[in-house]
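The structure appears right after this line, and notes come after that.
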Amino acid sequence: MSIICVAAIAAITNAQSADTSPGSQESLTKYPLVEVMDRSEVSQNGITWKFDHPVKSGQFVNGDWWVVGPVTVVSVTPEPTQGPLPGEMSFKDAVKDSVKDIKGPMNFIMGFVPLELLQNGNDNRMRNGSMVIEKPGPHQGYDSRSTTYDPSCSITYPYKLDPNRTLISTISEANPVPENFCHQIMWPSERYQRTLLQVAVVLTCLASEPPADAFRPPYTGTKKPIYQAGDLKWDLLLNLKLDNLDAYFPPSPAGHEVATWEVFEGYFKPVWLYQYSATNFDTVLNYLQPQQNQPNSSTACFGREDSRLVSIASLMVHLDVPKERKKKLVIGLVQRGIDLSGTFKAGTGGDADRCDWTQSGLKWPIFFASMMLDKPELRQFPEQVPFHEDVTTYYGTGWFGQTGLWRIVWHDHLIDSDEEHSPEQRTGDNTISEHYRSYGSSGKACLGTALSVRLMKGIKIWGHDAFFDYYDRWIDDDPHYKEARGLNLQPQWETDTFDPFVTAMWKAFRKSAPEQEMSGQNFKAVWEKKPDGWHIRWEPNPKPDPAALAEHVDAIHKAYPQMYPPPDVLAKLVQMEQDATSPEAREKCIARTPVCEAEAKANPAPANTVAVVAGPDFSSEGGGNIKIATDKIGAAGNVLYGWDTLGHWIEWNVNVPTEGYYCLTLCYCSPMDQIDRQIMIDGEVQEPYAPMVFPSTRGWSGDTDDWRLFTAQNPISNQPLLLKLKQGKNVIRLTNMNSRGINVNYLAVTSPDVKVTRDMLAKLLPQK
């Protein structure tokens, strides 16, 4: 969860200009930032360029340096050098260490690191490299530890920097997994990012002195258009008053790091490097996003943090705060858009001058800059660039009647449409896509972008209507869909974001956002294999016919009647759920919990008691028919499956040495989430308020080891649920309460002092 803090907005005092309303004349921040004068060297962020003689120089509005040239750069500090750097770690070792606490198969996590990079992680040819990118290509000259390194791309000094060229210089990173650029908004398992670079700065050479309020032109290409801060259309930004603003922008608590307003300004101050290749959908700079400049992921989330930062910042500039408070963020967002526009105009590498895929978070800065500067040419490219937000959203026949859909489309292979399949129909591919929709890519990170576009009346120029219809459906718990979902409850993550501020802004201002014309541009990305690789082709994508949509939903309901019961049965189940989760049930659970804890402490079960029963060794079942599998990856012996019918119960006999309180653990797997099983012991429901609710393990263990342990939990104490068993044989019944399936390898009853592991329990399984 991220927390953004506006540090002392109230401290913006009368010392500032009296006119800070949108649309007022530029004031407050005076340009130029530094005196324009002849200098023999300039420095930024630890990098210094020295010239052969003093040259006229100054700074753009974002603080980057310009010089009037041509100019000979005689040296850069730190200088390009061979590796290894002092204290340098191998990429392979650093990545392994960084992901040791991340849940998931190691081959999945490590698979995002190219094999060549793992094998040659200590390539020592180049560190601290520099480049001039006249036309983007498939190689870079910054650091030789990447497979994209090409020594011909590296600048050697002295170097003649001609007008309309930009010199990019870097400092390499000794620790390839440093703290994430935006670690203040990250969770512990992703507090670090993978990168070979620490810092990047740019030096722009122009033929003449630019205006005092000039934005830096794009660092890519040989065209250096000049845009000015004085032309910003401040009247496009709103002044929205968010209730209880302090809840989202609290003072920074002592000892706890948060992303303050000033930190967000810092996020958008340095240059963000992007350079794309048409080869295998990879950015040339994969694992080369400088740690002090821009985010990257500790796994691989295709611009998730780029999208989050853009979403948050582009809503912050619409808050009811003084204009001067917004200025640095606006300048940073506009500068980002100018850079990205220049990159795509200059070409994206490859023989066809094409880019088949661009990560999320790149489209809106371009369009934001074009609107704020009233320069449509910024968003006009030779061909329509396939931005991730547009490639992943489309119109289709959703499984519960939704039409604005999302798909991952590419993982390590092409993936077909996903949201058109109900949970009962999904294959492993669809499970992957749903996983990414919940936490990665633009599946959950672009909500703020969708709202900001609406607030600025930019839907028509965005040019892809499905993007907006998807987010409108995704964030709202539409009652119209509840019956069509049957027993498949709407995932909680589908109505929330990573960032409470974004969620609050949507709920406060989406309904009052200006009404505007949609673009009418409905298209869907289709992938084609050609001799030079994969290409995207855009196909017409009208909204589905209502009759066809209804027929699709009806067919799913008929195919899986146990998941889509008649309205009266569904109402009864809903009532049972409401009774079990009612305030009265909670109060009874609260009252019982300390009683059970006291009894368990007064008469403890024998220490180190463990009773393990194989899943297929059940004593009886009802309401369905279990199947046995012998070939599940990672399982200890045989497993049961087919436990996916509402009301289907299974019983196991378990023996314990004395009467007392014990814990119940299952080894299970399932790609589904919120899998509900009621617990009965010897015919009595143990705790109606605390059924076993299993989280997803992401698969059925058909191709990978998806098995996990789950212990029944008491939601009141946040401790394992204490189940009272009698001495000798006890009959444990688990009943399917929501038609979601799990495979079961074994179950274990243990005394509360036992810390279970899969290896330990597997060794205790009865041998046959």
Would you please name every residue forming a side chain to side chain contact (heavy atoms under 4.5 Å, CB included) with [X], sequence neighbours left out?
| X | value |
| --- | --- |
| Pro715 | Tyr689, Ala690 |
| Pro691 | Asp676, Val693 |
| Thr735 | Trp649, Gln678, Arg733, Met737 |
| Ala600 | Tyr661, Leu722 |

Check side chain to side chain donor-acceptor pair (under 3.5 Å) between [X] and all other residues, then give those that pass, not counting sequence neighbours.
| X | result |
| --- | --- |
| Asp143 | Arg145, Ser172 |
| Glu684 | none |
| Thr697 | none |

ring-ring contact (aromatic ring centres under 6.0 Å, His included) partners for Tyr662, two or more places apart:
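So Tyr662 forms no ring-ring contact (aromatic ring centres under 6.0 Å, His included) with any residue.
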Pairing residues for Phe400 by the ring-ring contact (aromatic ring centres under 6.0 Å, His included) criterion, not counting sequence neighbours:
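For Phe400 the ring-ring contact (aromatic ring centres under 6.0 Å, His included) partners, ignoring immediate neighbours, are Tyr481.
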Kindly state each residue pair satisfying side-chain hydrogen bond (donor to acceptor under 3.5 Å, both in side chains) with at least one member in residues 716-729, sequence neighbours excluded.
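The answer is Asp682-Lys726.
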Which pairs count as salt bridge (Lys or Arg N to Asp or Glu O under 4.0 Å) when at least one residue sits in residues 742-767, sequence neighbours excluded?
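Counting only pairs at least two positions apart or across chains, the salt bridge (Lys or Arg N to Asp or Glu O under 4.0 Å) contacts touching residues 742-767 are Asp705-Arg758.
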Qualifying ring pair (Phe, Tyr, Trp, His ring centres under 6.0 Å) pairs, either residue in residues 707-733, two or more places apart:
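Residue pairs passing ring pair (Phe, Tyr, Trp, His ring centres under 6.0 Å), neighbours aside: Phe694-Phe710.
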